[in-house]
There are 4 protein chains.
Amino acid sequence: MSAKSFMELAISQAKNNQKMTEKQQKIVEVAIEMFAEKGYASTSTSEIAKAAGVAEGTIFKHFGSKEKLLYSVILPFLVESVPVLADEFIQDVLTKPYQHFESFLTAIIKNRLDFVKRNKEIFKILVVELLNRDDLREQVISFFQQSPNQLINNIFDTFKHRGELIDLPNSTLIRTMLTQIFGYFIFRFALFPTLDWDDTIEVEHLVLVILRGIGKKE
Amino acid sequence: MSAKSFMELAISQAKNNQKMTEKQQKIVEVAIEMFAEKGYASTSTSEIAKAAGVAEGTIFKHFGSKEKLLYSVILPFLVESVPVLADEFIQDVLTKPYQHFESFLTAIIKNRLDFVKRNKEIFKILVVELLNRDDLREQVISFFQQSPNQLINNIFDTFKHRGELIDLPNSTLIRTMLTQIFGYFIFRFALFPTLDWDDTIEVEHLVLVILRGIGKKE
Amino acid sequence: MSAKSFMELAISQAKNNQKMTEKQQKIVEVAIEMFAEKGYASTSTSEIAKAAGVAEGTIFKHFGSKEKLLYSVILPFLVESVPVLADEFIQDVLTKPYQHFESFLTAIIKNRLDFVKRNKEIFKILVVELLNRDDLREQVISFFQQSPNQLINNIFDTFKHRGELIDLPNSTLIRTMLTQIFGYFIFRFALFPTLDWDDTIEVEHLVLVILRGIGKKE
Amino acid sequence: MSAKSFMELAISQAKNNQKMTEKQQKIVEVAIEMFAEKGYASTSTSEIAKAAGVAEGTIFKHFGSKEKLLYSVILPFLVESVPVLADEFIQDVLTKPYQHFESFLTAIIKNRLDFVKRNKEIFKILVVELLNRDDLREQVISFFQQSPNQLINNIFDTFKHRGELIDLPNSTLIRTMLTQIFGYFIFRFALFPTLDWDDTIEVEHLVLVILRGIGKKE
DNA sequence: AATGAATGAGACTTCATTCAT
DNA sequence: CATGAATGAAGTCTCATTCAT
């Protein structure tokens, strides 16, 4: 498992995705719920089977192993967590000169906040597994470092030219941004999902904080 | 386990702490290492026994159960993670009028950064267990909300009087602070401990970010 | 299964034999290969299905059960392993007085060597199953003791009359012969098929050895 | 398993052998019985546990895996099946000029016949596993080719010098001998152990047969 | 205090087989 | 004729825990 790259797995998953039986979908659904609640390691396949109303063998017929079931849950989320950057909106930013970095940042954060909010459980599962699996962690790091390179670099270069970002390597800028955003997400969605949070305020905070960190005062 | 409050457990642990034999200490040491690396649920007591060079039974003689061993690891960390607020330094802040909130914040962050740095592994274990155990999460929340109430409230009130903090309930202020700090710690120490981080810069960033969020512009 | 006699099964198999579709033949082919390589018990029907390029259900549609598939492999071999004695050649021996037992023996051994050589895999499967299945073993014993009785008895009586065989019960003579021949076959084909063997020499040896054992010095 | 050489495994087994609990011995005992009766692959560890009167876990505590239990059964047999050649008897043959190859052969065959007779079950298990496991087969071949080289070569050279053996490479002579002996053993002990066999006659036959094959007529 | 043999529940997984399509 | 989703019993193995020594 650890040897294969993400995308290979994600692609082979994708193929199955289309053919997913009703039962298969139910299994994934239940797995997400239970993995999120008690953790992958503490959830047994027999529990999942029971809760999904299928025979235990069915899980293995379709997913091969418990671990592959985990990846069937995690990978689509991971893949979907990035490509959105290719959105029309982002293309806008690059072409319309009056768009400020702040708007861009706000949009990104709102968008990703919404995404994670809709996938709270998987996000939590991912965080725990990132903590426990060296190989997954490394693959995710290199995945995020490589995949959107071209596009993201363009965007950051653009804003640097416009004098809205301080002059540090893009990689540094990005890491600072991600630290803030994901640190916040983890705290909010994974650790303390039951506390009340006011999205408007939270987004505003995050934006300010990041702007202050890597933005240039005009 | 979930029924007992933290402090009861912590106290009963403390008693044992003093009597810890060499083997006991080795067990705790090894447990920290392995829990941090693969997670509590995926670490077996037999592995721990082997790595610690003791018989399987020895672990249970001393700690009673695997779960109690976990708490023997977590609780001292949790307890130690707060009381430092009673430091002489903090007393200083309250009495010396020229101390700014910024210095206070910087000091706190440096101090806690140092503490977590020295206890990376336990911190990681705690985070995972917080994610997986509802009861632990709730107890920690109420533990942090109650325990230092008196002292912390005084501090925040003081700075509010001095006009350095915006006029929001202390609980809100504290949560904003903690979100930033812990979100950052988790990202840095638990998720991506192998990346390079520059402490001076990071602390500065954190301070700015928080000041901007809850500080008052003079 | 164990209750039915060989011949009943063999006959019912024979019927199917003629109707065998392409897929059925592929299944049998693959089954022979895999049973021979890893043993019947360690080969799963799903492996066979995959290797044969058919659906799992197809195997059961045609053969009913895994065990019946095994017998579909073994029985034709067993049946074919004897009747050859009804050959024209053997008829010759009985009628032509100048034929010596040595020629007869050489012919038989060459013939069976050739047969087993062409069916190495099935022979190996049969040996293993004889080792593991009491009922099969007993049925084979009685099958070989009964089936060609008439014919074989005639042959041995003939050679006894000609003074070429020592005066022991036919059953003893036959067993001595079979022990040598099959003992050799098992060693050569089942156990160490990768070693090099020189057929001419090996046959000569076997003949000498058996002649010495049950032949009469003129 | 397949990577490690025999002797390494045999030695590590030997260590355990000395410390064998009563329960461990019972497990091995029962395993031999059941493996011999139904085959390794068709015997479940739960059956063994039940028949041995132990918990299933106990088997794995002591033997690690079902396969290692198999090797705990097979290896001592394999090792013991050779070294006997270092016997006083054999030393005798080499030093006493009046000892004929025939006596030597008779002694060897009697000795090994006795050995296999006393270990019928394990012999049968070994034969089946040799048939099903490529790696075991290869290791056994090289084990028998290497281990007693020195001694055996001396013996055969001695008899060649005395003019009692035909002038072929020792390896050829040995293989011819082994084929006869083991071919016979397999037929007798593994395949048809219920038939009646007269040891005196059988040994005599085997000796004659082999003498005829590789002995020199004076 | 420490051991390690023993346990049995339960984990993940495989298997032969069935059946609706 | 052929498929492949679904099954649930059974298989191997792991685990936390106990207890006699």
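Every chain is numbered from 1 and lettered A, B, ... according to where its sequence line falls, protein lines coming before strand lines.
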Problem - Residue pair D/E56 / D/S46, side-chain donor-acceptor N/O under 3.5 Å - result: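 No, D/S46 and D/E56 have no side-chain donor paired with an acceptor closer than 3.5 Å.
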
Exercise for the section: Quick one: pull up NE2 in C/H62 and CG in C/L69 and give me the separation to the nearest 0.5 Å. Expected result: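 It comes to 11.5 Å.
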
Practice task
Mind checking the CD1-CD spacing from A/I122 to A/E129? Nearest 0.5 Å is all I need.
Solution key: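 One gets 13.0 Å once the value is rounded to the nearest 0.5 Å.
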
Fill in the blank from the handout: Symbol by symbol from the 5' end, with Watson-Crick or G-U pairs under 3.5 Å, [ ] crossing and | another strand, DNA chain F is .||||||||||||||||||||

Practice task
Could you tell me whether the phosphate oxygens of F/dT12, OP1 or OP2, come under 4.0 Å of any side-chain nitrogen or oxygen in D/S46?
Solution key: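 Answer no for this pair, as no side-chain N or O of D/S46 is under 4.0 Å from OP1 or OP2.
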
Handout entry: Below 4.0 Å: OP1/OP2 of E/dC15 and any side-chain N or O of C/T45
Key =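 No, no such contact exists.
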
Donor-acceptor contacts under 3.5 Å from residues 31-42 of chain B side chains, at least two apart:
unit_1	atom_1	unit_2	atom_2	d
B/K38	NZ	B/S42	O	3.2
B/K38	NZ	B/E47	OE1	3.1
B/K38	NZ	B/E47	OE2	2.7
B/Y40	OH	B/E67	N	3.2

Are [X] and [Y] close enough that some pair of their side-chain heavy atoms sits under 4.5 Å apart?
{"X": "B/Y71", "Y": "B/L136", "value": "yes"}
{"X": "B/L131", "Y": "A/K124", "value": "yes"}
{"X": "D/R133", "Y": "D/L70", "value": "yes"}
{"X": "B/V73", "Y": "B/F77", "value": "no"}

Fill in the blank from the handout: Protein-proximity profile, nucleotides 2-9 of chain F, B/S/- by nucleotide at the 4.0 Å heavy-atom cutoff, equals SBBSBBB-

Atom [atom1] of [X] and atom [atom2] of [N]: how far apart are they, to the nearest Å?
{"X": "C/K68", "N": "E/dA16", "atom1": "NZ", "atom2": "C1'", "answer": "13 Å"}
{"X": "D/K26", "N": "E/dT7", "atom1": "NZ", "atom2": "C1'", "answer": "19 Å"}
{"X": "C/I48", "N": "E/dT14", "atom1": "CD1", "atom2": "P", "answer": "17 Å"}
{"X": "D/F63", "N": "E/dT7", "atom1": "CZ", "atom2": "P", "answer": "13 Å"}
{"X": "D/F60", "N": "F/dG11", "atom1": "CZ", "atom2": "P", "answer": "11 Å"}
{"X": "D/M34", "N": "F/dG11", "atom1": "CE", "atom2": "C1'", "answer": "14 Å"}
{"X": "D/K50", "N": "F/dT12", "atom1": "NZ", "atom2": "P", "answer": "12 Å"}
{"X": "C/I27", "N": "E/dA16", "atom1": "CD1", "atom2": "C1'", "answer": "14 Å"}

Handout entry: Main-chain N/O of B/Q24 paired to B/T21 side chain as donor or acceptor, under 3.5 Å
Key =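 Yes, the answer is positive, given that a donor and an acceptor are paired below the 3.5 Å cut-off.
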
Practice task
Identify, between B/S44 and D/T43, the residue whose nearest nucleotide on DNA chain F lies closer to the 5' end.
Solution key: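 Nearest-nucleotide comparison on DNA chain F picks D/T43.
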
